[in-house]
Amino acid sequence: LGARVLGAALLASLMVPAVASADLWESGSLQDSVGINTMWVFIAAVLVIFMQLGFMFLEIGFSRGKNAGTIVAKIWTNFSIAALMYWAVGFAFAFGGDLGHVIGTTGFFLRDYGDPITAFPIMGFSDASIEAKWIFQFAFCAVSLAIVWGTTLERIKFGVYIIYAVVFSALIYPIFSGWVFGGGWLQANVGMQDFAGSTAVHLIGATGGLAVLLLLGARKGKYGPDGKPRAIPGHNMPLFGLSVGILLIGWFGFNPGSTLNALDTRFAEVALVTLLAAGAGVLGSITTTYLITKTIDIGMAGNGMIGALVAITAPSGYVMPWAGVVIGLIAGVIVPIGVYAIDKKLDDPVGALTAHGLCGIWGTLSCGLFTLPALAEFNTIGEGGLVYTGSLTQLGDQALGVVVVFAGVFITSYATFWVIKKTYGLRVTEDEEHQGLDISEHGMYGYPEQFIPAPELVGYGAAPQYGGAPSPATTPKEVTA
């Protein structure tokens, strides 16, 4: 009976509007800036949420056809878990505390926080509604979680996604991202600069991906008897190209949206820096790839843009446009070099460790080189970079932040995946991996006409009918490599 009463009380409390929200509804005297900034933050959040489609198409494109469908279920399952966990505790842990906090203590279930300006002080400069800010920050959490799984394609159990998503979105991401851009100790006390998440979003996701990869191992057949890597081509590079375009569009919510303000027009400056970096990244990547392989690799062209976008995420609100070009260009060079080097030992099908990990580190460190002192002062975080000040102080603060966050996320993620491996298991069986995760994990195919025997393809006009001998040219065959 006591448990029922407690449960009913909790449910009733969650159904009652939060005090701050009720005050907004009843005041009837909101300033125009509240509506305008709330609309801008909400639009930016929707653009970042749109990036989930980019990650979905990217992973599908880089997978073999027998593993395409499972990614759809994975993306939306993770997204849904992250939404609930970030609402319940994640946002409070990341943003709900005094400046310099280690873990937030205010705003669980987005309730009972009092004045949002003082409850979530690092975002207090913006008068956008707290609901819009929550949606925006949740979208970042969902992106970071999506990044984790790029290293695990084609051989991981679906249940691992569910278990880790709960831990990641409730604890790992909120705590460590809060240190970096939630008003936590690295940001407020050390002065680490990360405008939109090169470390707080991308490096955290890539570090989780490294932790699981070390325990999971490579796809079967990836490395030959001599230990040399073999190419396992993705089945749809045009779909990968579409994913890069979607991610590019989403980044115009990611970086410019982090201004949380439409009225001072700074979002347009951040957008300009972001776009210039992306273009430089593509050119840097394809040029470096050509010098190494004498070909212009399709995947490297796309990943060059992604790597540059990751790199410019931290400095986008701190640097001038010319610096954005330099940062993006160097990230583009890093992408092929990093992908080729990592591929010799670790099976990372989409290049996440390079694009989000190495480029995330580079972007974070670049603040220590190129941050304009006036923008550091405007953002009230840290100081100018080496190019302007001749001082290594900011670069040292950036390096400290990278090391602390990488170590913390790696240790907690590795421990989580180790426990999962010892209890539930990480990897599907060899036979299930051979069949493909679509059929072994979900009982259906992403491309049924390609894998289901022709006589069973009822309703497919191009399929041979019963009683006839299908021609060799039209008999569906599974591609296993």
Side-chain angles (χ1 to χ4, degrees), residues 17-50 86-87 91-92 94-99 104 106-107 110-141 177-178 181-184 187-188 193-197 200-201 249-275 313-321 372 374-382:
V19 174
S21 296
D23 288 344
L24 287 178
W25 297 338
E26 296 169 1
S27 66
S29 60
L30 288 178
Q31 296 181 0
D32 290 342
S33 63
V34 175
I36 294 171
N37 289 330
T38 296
M39 180 60 72
W40 163 236
V41 173
F42 175 73
I43 291 172
V46 171
L47 288 174
V48 178
I49 290 172
F50 187 49
Y86 204 71
W87 168 66
F91 184 74
F95 292 93
D98 295 333
L99 292 178
T106 303
L110 207 61
R111 291 185 46 79
D112 301 328
Y113 48 77
D115 181 1
I117 302 300
T118 56
F120 312 105
I122 197 63
M123 296 187 290
F125 65 89
S126 168
D127 61 1
S129 76
I130 195 63
E131 291 81 6
K133 293 174 182 176
W134 181 90
I135 295 172
F136 185 68
Q137 297 300 340
F138 150 70
F140 277 40
C141 175
S177 68
F181 67 7
Q187 183 180 29
Q193 298 167 346
D194 189 350
F195 189 74
V201 177
I249 293 171
W251 241 285
F252 288 110
F254 215 99
N255 291 359
S258 293
T259 61
L260 302 181
N261 192 318
L263 295 179
D264 63 6
T265 72
R266 280 203 68 231
F267 68 89
E269 299 172 8
V270 175
L272 172 62
V273 172
T274 300
L275 180 61
T313 299
S316 59
Y318 286 95
V319 303
M320 296 292 286
L372 187 69
L375 289 175
E377 182 179 358
F378 181 87
N379 294 323
T380 70
I381 304 296

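This chain uses plain numbering: 1 for the first residue, then up along the sequence.
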Report task. Only counting residues at least two apart or in another chain, list the ones meeting side chain to side chain donor-acceptor pair (under 3.5 Å) with T313. Result -> W251
Report summary line: Residues G317 and N379: closest non-hydrogen pair is O-ND2, 3.0 Å
Query raised in the report: Of all residues at least two apart in sequence or in a different chain, which pass the side-chain contact (heavy atoms from CB on, under 4.5 Å) check with F378?
Result: D264, R266
Query raised in the report: Under 30°, 30 to 60°, or over 60°: which ring-plane class applies to F91 and F120, parallel, tilted or perpendicular?
Result: tilted
Query - Over all atoms of both residues, closest heavy-atom pair of S316 and T274 - result: CB-OG1, 4.1 Å
Requested in this report: For this output row, return yes or no: ring centroids of F140 and F254 closer than 6.0 angstrom.
Outcome: yes
Query raised in the report: D127: what forms a side chain to side chain donor-acceptor pair (under 3.5 Å) with it, not counting sequence neighbours?
Result: S33, N37
Report task. Determine the minimum heavy-atom distance between D194 and A200, stating which atoms define it. Result -> OD2-N, 3.0 Å
**Report entry** Test side-chain contact (heavy atoms from CB on, under 4.5 Å) applied to D98 - qualifying residues, sequence neighbours left out
**Finding:** none
Query raised in the report: Can you name the residues that form a side chain to side chain donor-acceptor pair (under 3.5 Å) with S258, not counting sequence neighbours?
Result: none
**Report entry** Distance in Å, T38 OG1 paired with I135 CD1, rounded so as to fall on 0.5 Å steps
**Finding:** 10.0 Å
Query raised in the report: What's the verdict on side chain to side chain contact (heavy atoms under 4.5 Å, CB included) for L263 and D32, showing C-alpha distance, side-chain angles and the deciding distance?
Result: CA-CA 10 Å; L263 295 179; D32 290 342; over 6 Å; no
Requested in this report: Could you give me the CA-CA distance, side-chain angles and deciding distance for V201 and F181, then say whether side chain to side chain contact (heavy atoms under 4.5 Å, CB included) is met?
Outcome: CA-CA 10 Å; V201 177; F181 67 7; 4.1 Å; yes
Report summary line: Output for pair (F136 CZ, L47 CG), nearest 0.5 Å, gives 9.5 Å
Report summary line: Closest non-hydrogen atoms of P321 and L272, given as atom of the first, atom of the second and distance, are CG-CD2, 4.0 Å
Report task. Output, in order, the C-alpha distance, side-chain angles, deciding distance and verdict of side chain to side chain contact (heavy atoms under 4.5 Å, CB included) for T380 and F125. Result -> CA-CA 11 Å; T380 70; F125 65 89; over 6 Å; no
Query raised in the report: If every non-hydrogen atom of G382 is compared with every non-hydrogen atom of A376, which pair is closest and at what distance?
Result: O-CB, 4.0 Å
Query - SG-CH2 distance between C141 and W87, expressed to the nearest 0.5 angstrom - result: 15.0 Å
Query raised in the report: Is the number of heavy atoms from other residues, nucleotides or ligands under 6.0 Å of F252 CZ greater than 12?
Result: yes
Report task. Kindly write out the residues that satisfy side-chain contact (heavy atoms from CB on, under 4.5 Å) with L372, not counting sequence neighbours, or none if the list is empty. Result -> M320, A374, L375, Y388
Query raised in the report: Just by modelled atom types, is the I381 backbone N or O under 3.5 Å from a matching donor or acceptor in the Q193 side chain?
Result: yes
Report summary line: Nearest heavy-atom approach of A94 to S177 is CB-OG, 4.3 Å
Requested in this report: Show your working on side chain to side chain contact (heavy atoms under 4.5 Å, CB included) between T259 and F195 and close with a plain yes or no.
Outcome: CA-CA 9 Å; T259 61; F195 189 74; 3.9 Å; yes
